[in-house]
Number of protein chains: 2
Amino acid sequence: MISMSLDRLDLAILTALHEHPRAGVLEISRITQVARATVQARLQRLESTGVVTGYGPDIDLEAAGQHVSAFVTLEIAQGALDQLAPELEAMPTILEAYATTGSADVLCKVAASSHADLQETLIALNRSPSVVRTTSVVVLGTVVAPRVLPLLERSAEQRDARAPAYRTRST
Amino acid sequence: MISMSLDRLDLAILTALHEHPRAGVLEISRITQVARATVQARLQRLESTGVVTGYGPDIDLEAAGQHVSAFVTLEIAQGALDQLAPELEAMPTILEAYATTGSADVLCKVAASSHADLQETLIALNRSPSVVRTTSVVVLGTVVAPRVLPLLERSAEQRDARAPAYRTRST
DNA sequence: GCTCATGCTGATCATTATGACCAGTCCAAT
DNA sequence: ATTGGACTGGTCATAATGATCAGCATGAGC
């Protein structure tokens, strides 16, 4: 997997996109102080390299009625991961799932409309022939809301771009 | 917290937005077979009720060079959550964090550019006066990629809208 | 059945943006 | 010094936008 390095202009564009919902290319070029064609070229590159995978919409599940959130770990039968993946995909309450190191094999982020709904998910998981054991913790509150830009900012802050507004200490 | 119920037209709009990146309102109205002003009104409502919180961009951190991902649990000192939150916010590698039930108090999703970078995060966490103990698991792979629409589809599928294309079994 | 509030429609207006493309200049790597 | 690629300001034909509106349809409540 080749990954690309983002520079300060990439970051400015991503930030502008995030902070100005549904802004078009011309508006982004105004905010970032580069030519419109430059924004187009940069977006094209961010999309074609897979850094930008889409444009939301970003959804708050709680506002949409899904008030319960939990993390569930699964110990699975030896070699059962290939079997389990489509099972998890077929459960709408599984928001995301990862194979991990540690005593459990899979960690899932789950959302549900109620505790009963969550319990149904757990029951379904326990019923799977691939799953040996589950543990779960319920989310009580959000300490840090989901974000990725601070991490990208950190790595991009040293990388100038050629556009005048993005050269070393020029602005 | 009042939450709104989504109906089939809400879902069609959200889905169209997701599947047609940067599509404008007119295009969404074509895809969903309702009037443009209806899409505008629906989006306005989805945004003002907090269901839609933004429009990305959706970023693949791995493509952007952050190749390591982990989940970290924290046991914290009694009553130290208020103190910890700004500390976590200040660490760019903390993508999201939740207070949870269970033996640990906080669960964090972490990304980093390398295992050394991840270790630095863990060291910083252990150095915090609020943190008594940390455990971590490293993500080996993605089993289910992040998604929310299947869950919303499930709850919206019974709810017709008044637009002709969205009445009971009319289409 | 009747009433009425609300959702949906197709339309208008003035303004602006879009995608695609281009020739020229600039800059950083070699 | 050379050169490839990044960036610029610009063009073209086309289409979209936000805001608004009057009218119609529908479904909930009585």
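Side chains included, hydrogens not; waters and symmetry mates left out as well; all remaining heavy atoms used. Letters A, B, ... are given to chains in the order of the sequence lines, protein chains preceding strands, and every chain is numbered from 1.
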Item checked: Separation between CE of Met4(B) and CG of Leu46(B), rounded to the nearest 0.5 Å -> 5.0 Å

Figure out the [atom1]/[atom2] separation between [X] and [N], and round it to whole Å.
X         : N       : atom1 : atom2 : answer
Arg30(A)  : dT8(D)  : CZ    : C1'   : 16 Å
Gln44(A)  : dC7(D)  : CD    : P     : 14 Å
Gln33(B)  : dC8(C)  : CD    : C1'   : 15 Å
Asp160(A) : dC27(C) : CG    : P     : 13 Å
Met4(A)   : dG5(D)  : CE    : P     : 16 Å
Leu26(A)  : dT11(D) : CG    : P     : 15 Å
Leu43(A)  : dT18(C) : CG    : C1'   : 13 Å
Ile13(A)  : dA6(D)  : CD1   : P     : 13 Å

Out of [options], which nucleotide sits closest to the side chain of [X]?
X         : options                  : result
Val34(A)  : dA17(C), dT8(D), dG19(C) : dT8(D)
Ala37(A)  : dT9(C), dC21(C), dA16(D) : dC21(C)
Arg167(A) : dA17(C), dC26(C), dA6(D) : dC26(C)

Check: Want to settle it: does Gln40(A) or Ala161(A) sit nearer the 5' end of DNA chain C, counting the closest nucleotide to each?
Finding: Gln40(A)

Notebook entry, point to check: With sugar-phosphate meaning primed atoms plus P, OP1 and OP2, does Arg45(B) contact a base, only sugar-phosphate, or nothing at under 4.0 Å between heavy atoms?
Noted result: nothing

Notebook entry, point to check: Checking Arg8(B) against Tyr166(B): charged group under 6.0 Å from the ring centre and within 45 degrees of the axis?
Noted result: no

Next item on the list: Establish, with yes or no, whether the OP1 or OP2 oxygen of dA6(D) is under 4.0 angstrom from a side-chain nitrogen or oxygen of Arg42(A).
Entry: no

Is there, by distance only and without an angle test, a donor paired with an acceptor across the side chain of [X] and the base of [N] below 3.5 Å?
X         : N       : value
Arg22(B)  : dG19(C) : no
Arg162(B) : dT6(C)  : yes
Arg36(A)  : dG10(D) : no

Short N-O contact, [X] and [Y], less than 4.0 angstrom:
X         : Y         : answer
Asp10(B)  : Arg45(B)  : yes
Asp105(A) : Arg133(A) : no
Asp7(A)   : Arg162(A) : no

Next item on the list: May I ask you to check whether His67(B) and Ser114(B) show a side-chain donor-acceptor distance below 3.5 Å?
Entry: no

Notebook entry, point to check: Given that Glu27(B) and Leu9(A) both sit by DNA chain D, which one's nearest nucleotide is further toward the 5' end?
Noted result: Leu9(A)

Margin query: What verdict does the side chain to side chain donor-acceptor pair (under 3.5 Å) test give for Glu87(B) and Ser130(B), after you've listed the backbone C-alpha separation in whole Å, the side-chain angles of each residue and the deciding distance to 0.1 Å?
Written below: CA-CA 9 Å; Glu87(B) 286 176 55; Ser130(B) 312; 3.3 Å; yes

Check: Quick one: bend of the helix from dG1(C)-dC30(D) to dT30(C)-dA1(D) from 5 pairs per end, to 10°?
Finding: 60°

Note to self: Could you walk me through whether Lys109(B) and Glu96(A) satisfy the salt bridge (Lys or Arg N to Asp or Glu O under 4.0 Å) test, starting with their C-alpha distance in whole Å, then the side-chain angles of each, then the deciding distance to 0.1 Å, before giving a yes or no?
What the structure shows: CA-CA 12 Å; Lys109(B) 183 174 177 186; Glu96(A) 53 196 276; 2.8 Å; yes

